[in-house]
A.B. asks: 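Take a look at this one; I'll ask things after.
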Amino acid sequence: MNQVKELPGEAVAAAKQSPSLGNSLRGYVERLRGGDMGALPAVLGLIVLCSAFAAARPAFVTSINFANLFTQGAAVTLIAMGLVFVLLLGEIDLSAGFASGVCAAVLAVALSEMGLPWYVAVAGAILTGVVIGVVLGTLVAKVGIPSFVVTLAAFLAFQGLVLVLVDEGTNISIRDPVIVAVANKNLPPWLGWAMYAGCVAVFAAVQLLRARNRSRRGLAAEPLSLIGARVGTLALIAGLAVYVLNLERSRNPALVSLTGVPIVVPVILALLVLWTLVLRRTAFGRHIYAVGGNTEAARRAGIAVDRIKISAFVICSCMAAVGGVVAASRASSVDPNTGGSSVLLYAVGAAVIGGTSLFGGKGRVLDAVLGGAVVAVIENGMGLMGYGASVKYLVTGSVLLLAAGVDALARKRAAAAGLR
Amino acid sequence: MNQVKELPGEAVAAAKQSPSLGNSLRGYVERLRGGDMGALPAVLGLIVLCSAFAAARPAFVTSINFANLFTQGAAVTLIAMGLVFVLLLGEIDLSAGFASGVCAAVLAVALSEMGLPWYVAVAGAILTGVVIGVVLGTLVAKVGIPSFVVTLAAFLAFQGLVLVLVDEGTNISIRDPVIVAVANKNLPPWLGWAMYAGCVAVFAAVQLLRARNRSRRGLAAEPLSLIGARVGTLALIAGLAVYVLNLERSRNPALVSLTGVPIVVPVILALLVLWTLVLRRTAFGRHIYAVGGNTEAARRAGIAVDRIKISAFVICSCMAAVGGVVAASRASSVDPNTGGSSVLLYAVGAAVIGGTSLFGGKGRVLDAVLGGAVVAVIENGMGLMGYGASVKYLVTGSVLLLAAGVDALARKRAAAAGLR
Amino acid sequence: MTPLLETRGIDKSFGPVKVLHKVEFSAYAGEVTALVGDNGAGKSTLVKCVGGIHPIDAGAIYFDGRQVQVNSPRDAGDLGIEIVYQDLALCDNLDIVQNMFLGRERRNGLLLDEAGMEELAERTLSSLSVRTVKSIRQQVSSLSGGQRQTVAIAKAVLWNSKVVILDEPTAALGVAQTAQVLELVRRLADTGLAVVLISHNMNDVFAVSDRIAALYLGRTAAQVRTADVTHAQVVELITSGRSGDLGLKNGVTP
Amino acid sequence: MTPLLETRGIDKSFGPVKVLHKVEFSAYAGEVTALVGDNGAGKSTLVKCVGGIHPIDAGAIYFDGRQVQVNSPRDAGDLGIEIVYQDLALCDNLDIVQNMFLGRERRNGLLLDEAGMEELAERTLSSLSVRTVKSIRQQVSSLSGGQRQTVAIAKAVLWNSKVVILDEPTAALGVAQTAQVLELVRRLADTGLAVVLISHNMNDVFAVSDRIAALYLGRTAAQVRTADVTHAQVVELITSGRSGDLGLKNGVTP
Amino acid sequence: GGESGQTSTTSSASAQQPQQSQKPGKIGVILPDSKSSARWETADRKYLEEAFKAAGVEYDIQNAQNDKTAFQTIADQMITNGATVLMIVNLDSGTGKTVIDKARSQGVATIDYDRLTLGGGAAYYVSFDNTKVGQLQGEGLVKCLADKKAAKPIVAYLNGSPTDNNATLFKNGYDGVLKPKFDSGEYVKGPDQSVPDWDNAQAGTIFEQMLTKEPKIAGVLAANDGLGNAAITVLKKNNLNGKVPVTGQDATVQGLQNILAGDQCMTVYKAVKKEADAAAKLAVALAKGEKPQASGSVKDPETGQDVPSELLEPQAVYADSVKDVVADGYVTKEELCAGDFAKKCTEAGIQ
Ligand SMILES: Nc1ncnc2c1ncn2[C@@H]1O[C@H](COP(=O)(O)OP(=O)(O)OP(=O)(O)O)[C@@H](O)[C@H]1O
Ligand SMILES: Nc1ncnc2c1ncn2[C@@H]1O[C@H](COP(=O)(O)OP(=O)(O)OP(=O)(O)O)[C@@H](O)[C@H]1O
Ligand SMILES: [Mg+2]
Ligand SMILES: [Mg+2]
């Protein structure tokens, strides 16, 4: 009766020892069941969507459609990536769509009316984005007008600005081969493979170095087997994608050969990696999360909240500029509708569907890409269904709800398991 | 040195005694300086706007323009009033604009195609609003999809629904005299005065009764002089408005006489009073604020959070239906654009300009009316300026920013004084 | 004597982390039961399980001898369980009176009886010797730490409940206010309620409690009568899970 | 001896409510100064004024004999003033390590030195005897009340500061953790820092402080050496603003 | 009812009096939007302003930006501002009628510009025939397909905005030409979709998906030049540009350039200046209190009444007639023949 046994301190102990692969996998499943779903719900929604469309229209799973998906979703995804920064702060940018229109118009005017070389024109467009971001950010952070109102005003003003730039409604063609190539041309197949190899190698190296560094300091590090599994999965999926995109997808191979990874894909990937690094691995990114999570705590920690806010708006507008350039490239023209109609709602929707919170403090750039994929798949699939205007709207709405519903139910199940 | 004096306990004491008029006024000024600005910033913004337009265009201050203002801003204001409920919860309803379109289309179909009497048609439109609200609310509260995504999907689906209802793009004329009168006709001048007298009397009676009740229970009550001042101010302003609206404003009085308070004015007033009562004086309203301020605290207090959320969406969609009826009346027709274009953004903007927070917990129905007035004044004033398309967008954006900036700076000054 | 409130074998995990292991706990009518334990022992989690905020993974809750399902704070309220949570849970955008009556507003027909609520709130608060609150129509966001805590306590004792659970109610209170709250706790128990008091202050615990339950790393270390143990023994139970004959043996309560 | 931190005649109002009246307060290097007062006396408000969170209406703040302007928390940090606020102010969406280094992240070139920060955080936390934290990569939203408080304290003592102000740091802490924090407070003062400790617990105050400053209804009631007063005198100062010769006379400190 | 009421403002001033003897009234013009087509802001506004300035009358031209509420607000404001003649391009007949009724009740004369307000009873109607525009597009596509000698070609429709009544009229026009050919099996009907808001970016995606689903599309009926250009961009990507004929409308610089490049088969040119001049003439006369005479009339299908009208003919433009548009001054040689297009312009005989 008096024999006291040592109490199990498993949890504490487990955190200390370097976990094995089995352990880690078990941990992952537990985390999933525990509610830390990461990207899984969005991916689930995406899979359900794709299966539905594939079942309805076999053309959906052709390699040409796969390639189309990327170019169709690129602009919205890029804008959504920038919006993540603003949303992380709990702010909103309603003007991102028309900001992309303004930047695209600047690009078009520089290219087609002033005859400047493409790199100057692109620089001009991005610079316009910076200026827009500084103005919006200052009004929100320094003057203290709610971002909804500032960007609603900008939403109106930028429509006027686009109209001024494109001369009250004319449609400016873009014929610069470099710009047009961005959204309409592909990488040569060998370059696709080379990039693939480079990316996988760098990813593996970074993972290994980090684990080495941590275990050298005696901190819990991931086991080699887990890193191997992760790198392997990435290599497999990416390899498959590159392979499919490198297949001949021309309707008429004799006439024209259409192969290779669309140029927008490495553009999106590079920006995804860049912004993910910024958010996850720099002090600036940390501060963005802090301001979004608890502005007062961030201020008390000595963070220059105003500067963080302005920077986020600058990043958002810059990404809008990039999105505008891609949109202009894809349409090979700029008109007063560029960046208008549904672009903004789709972009914010993409970020939110991916899991970014409108209240700030929660979200990742990857979310925007996943959400952008959902939006692109819906638009792409609906295009294949060939419905009339009214039915198309109705079905698009329902499909969006379906994808979001799968996601919400997955999260809800997890939340019921304990975490919220 | 040993003579200890009683310490001043003024503040506590002051709250106990019934304050005099002078006291109350001083308290109000202190409160203002202390940051509790109430409606003042929005009113300030409004005054600045009106002065600017009046200076630029004398026609702005004619009685016909004053009457126009009400009918022009009515629909957006009504939708904004409903949105306040959803915004108070920290949710958003992007579909409110098109929901009003759907309800208007139901009205039009019932009236013009099915030939039903106007009250049945209006009931049908409102019922449609209820159904929409229940569906949206359930998806948000029970399934747990973020409201942004649910209502974005609804935004798309409702566009389709309107198209179906109006038969793919035709537009349905409304010729029912009662419905058309709502936004296009005026009360007879005597009725305007009668309503005026009634309102002032009821207001005074309520104020007096409350003060009597409170002082009977020994609680701090407002002094008669303050109540008198308040009732007097209301009577003066409202009297002036009724007087101006009862002036002849026809351009051609021989041809047609145009006098009286527009019918939408009592409609808006009645709904303003109703919803203010609901928010301020019922348990339901209290719970709306609680859920918006701290959902977890509300849940722990035993409030049925889901039911509150669904109800808020129902109210929002019902008000959208009312707004849709007014819009249909004003246009005497319904087409696929009803409730589209800028209606939603203006409505949310109206609520936010008035001081409603997008994060929930803060806002009043009166805010929506004040914000709606700002939006209406801007639109009305810009219409008098006669700018070209692009300049108009630019100036509208800037003017909106100006109005919001006055408001923000007023609040900021107050916040610097201590309260936040 | 059946306990008024009893938990049997409650397990609770947050994702991969198991926080409560087969927790046994009872509170009796007319008595003050102190629940003690180290930081992170699981006291607040246990209370939240009883309050219907966290669903439990295993085990059962008994109320007055009957097994009950507590799936939401509403259920707990309907049973007559009133809780002051450690994280207070007040609505910052509402004023003191509004917070105190939240979820149980007094009405006059359809409308709220504001005057009645204000009167009652004022009376309750002054009995807790809060002298520095300027106005009970102040938003709770502008209150000091101790004032907030007093409002939360006042809110919980306003109702006719059968069980009152207070999670570290005096943590932020001043000397006089603490004395007042401890007196209130004793008074509530004496009127026949079951009162559960969570506290890190051993003096307070020994001053008012009839029984002491100790948690150690999510396990019930002991449930004893206050009269049967000493100060030092309880501290030992808290910090190491056992003390002589008392406490955990082989991970189970003897 | 010049005080390291001194406030002279600070006034502060929130709108119509005046919370601080000409408050005088000094803290000396190498000493622990206890700041006591009833709930709502204005202790936290005073600290927030010193920390640059609230602008002051009148009066001045002196640091090391020079008058300084503290307009933002950044300014306070630059002076070497580190504060643990009563309302903790942690970012719930960040984990423990991220919170501890917030605003002063360690870098490796452009990128964050995560491993370095994790190591240091672990060491600091374990010195505060927090044994139940499962992982220091846990989000602070999932921490217990005491664990949160420990994180906030650990965050403040991690830096090379000259003044450390702790607003009721042990309110939510267990017995062992409280002892650890009091020991830490003493240690900090002994290394030459000026430490300000706000607490309602007289035992703690008398255990570690060298001086005691008492606030009463927003006024400085007294500033005395701990050795010169008794327990009872301090309680009297807190509850009524005076005690014999000590305390407020005609509303001013003698 | 078309003429009733309008002239009641004429008062005693007789139509024959010299223009300067009495201060003429003010003319308000409401344009529909600036996004579906560039013409409203770049052409109509310019030509109307020129005409009004030449006549020395006060005027106020505004754009409703495809927003019905704004449309009504602007009308209110113009009347408030003292307009005596209101010239509107309605967004739909319902709002148009409300505006016209309100104007008439205040003694303001109205002109339907470009679009007839059904049941509205405006005093005059000046327009191109929108169904005719669609008809020209249909005929153009038939001609181009014949030139390509396509057998049983699949024809895709890229219609205008589903919420724009004009898009419906255009569609009626080209359906009238093409439907018999589908029915007879000469052509095959391909995908048929509307483009929300005439948005070119969405048009690109929509057409890309049409092509994915139906790779053998051999002709595209795009409702205007912008939509045409969106289709051409996608065709280019598949190296099908020039092989699949695409139609257009509005004779924009972009469309004309696409025609010169051989990527677009035709566009429809509407001599906006003629339309604007005709309308301005009527408006100026009304403002001066005269009662002008219209050359023809159109029957309002809803009321069955004749509305006095000036109707102008749209004109189909092919590669060989691009020069006519330049000669008309609708686009300048500088804009059209910039850069690479200089050579093509010379080939097309553009001076
Ligand atoms: N939502 C959650 N997710 C994960 N872990 C949690 C969560 N809530 C609590 N925990 C963990 O459960 C353990 C017990 O927490 P609890 O709040 O019950 O402690 P406590 O006994 O109340 O401590 P204290 O005296 O500090 O208030 C802690 O280790 C805490 O980190
Ligand atoms: N933002 C504010 N607006 C209005 N009043 C405030 C505000 N902040 C604090 N007060 C008031 O100022 C007084 C002092 O508050 P403070 O938080 O400084 O008290 P404290 O001494 O820290 O009390 P405690 O021991 O309870 O923490 C209180 O009466 C409080 O209600
Ligand atoms: Mg606890
Ligand atoms: Mg305090």
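Reckoned from all heavy atoms, side chains included, excluding hydrogens, waters and symmetry mates. Note that the structure is a prediction, hence the values are computed from the model and not measured.
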A.B. asks: With chain B, which of Asn99(C), Asp113(C), Leu90(C) has the greatest number of heavy-atom pairs at distances under 4.5 Å?
C.D. replies: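 That would be Leu90(C).
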
A.B. asks: What's the spacing between Arg300(B) CZ and Lys48(C) NZ if we round to 0.5 Å?
C.D. replies: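 Between Arg300(B) CZ and Lys48(C) NZ, I get 5.0 Å after rounding to 0.5 Å.
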
A.B. asks: Hey, could you give me the SG/CD1 distance between Cys91(C) and Ile303(B), rounded to the nearest 0.5 Å?
C.D. replies: 7.0 Å

A.B. asks: Under a 4.5 Å heavy-atom cutoff, which of Leu277(B), Thr295(B), Val291(B), Asn294(B) has the most pairs with chain C?
C.D. replies: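 Counting heavy-atom pairs under 4.5 Å, the top option is Asn294(B).
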
A.B. asks: Under 4.0 Å between a side-chain nitrogen and a carboxylate oxygen: does that hold for Arg217(B) and Glu119(C)?
C.D. replies: yes

A.B. asks: To the nearest 0.5 Å, how far apart are NE2 in His287(B) and CD in Gln98(C)?
C.D. replies: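 Rounded to the nearest 0.5 Å, the NE2-CD separation comes out at 10.5 Å.
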
A.B. asks: Around Leu224(B), counting heavy atoms of other residues, nucleotides and ligands shown, do more than 12 lie under 6.0 Å from its CG?
C.D. replies: no

A.B. asks: Are there more than 12 heavy atoms of other residues, nucleotides or ligands under 6.0 Å from atom CZ of Arg137(C)?
C.D. replies: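 It does: Arg137(C) CZ has more than 12 such atoms within range.
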
A.B. asks: Specify the closest pair of heavy atoms between Ala297(B) and Ala89(C), including all atoms of both residues, with the distance to one decimal.
C.D. replies: CB-O, 3.3 Å

A.B. asks: Is Leu102(C) in contact with chain B via its backbone, its side chain, both, or neither, using a 4.5 Å heavy-atom distance?
C.D. replies: both

A.B. asks: Is it the side chain or the backbone of Leu111(C) that comes within 4.5 Å of chain B heavy atoms, both, or neither?
C.D. replies: both

A.B. asks: Shortest non-hydrogen contact from Tyr289(B) to Asn93(C)?
C.D. replies: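 The answer is O-ND2, 3.1 Å.
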
A.B. asks: Can you tell whether the side chains of Arg210(B) and Glu114(C) come within less than 4.0 Å, N to carboxylate O?
C.D. replies: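 Answer for the salt bridge query: no.
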
A.B. asks: More than 12 foreign heavy atoms under 6.0 Å from CG of Leu110(C): is that the case here?
C.D. replies: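 Not buried by this count: 12 neighbours or fewer within 6.0 Å.
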
A.B. asks: Do Ile53(C) and Arg299(B) have side-chain heavy atoms sitting under 4.5 Å apart?
C.D. replies: yes

A.B. asks: Hey, does the side chain of Arg74(C) reach the backbone of Gly302(B) with a donor-acceptor pair shorter than 3.5 angstrom?
C.D. replies: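 Here the side-chain-to-backbone pair exists.
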
A.B. asks: Using heavy-atom distances under 4.5 Å, tell me whether Asn108(C) contacts chain B through its side chain, its backbone, both, or neither.
C.D. replies: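 Neither part; nothing is under 4.5 Å.
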
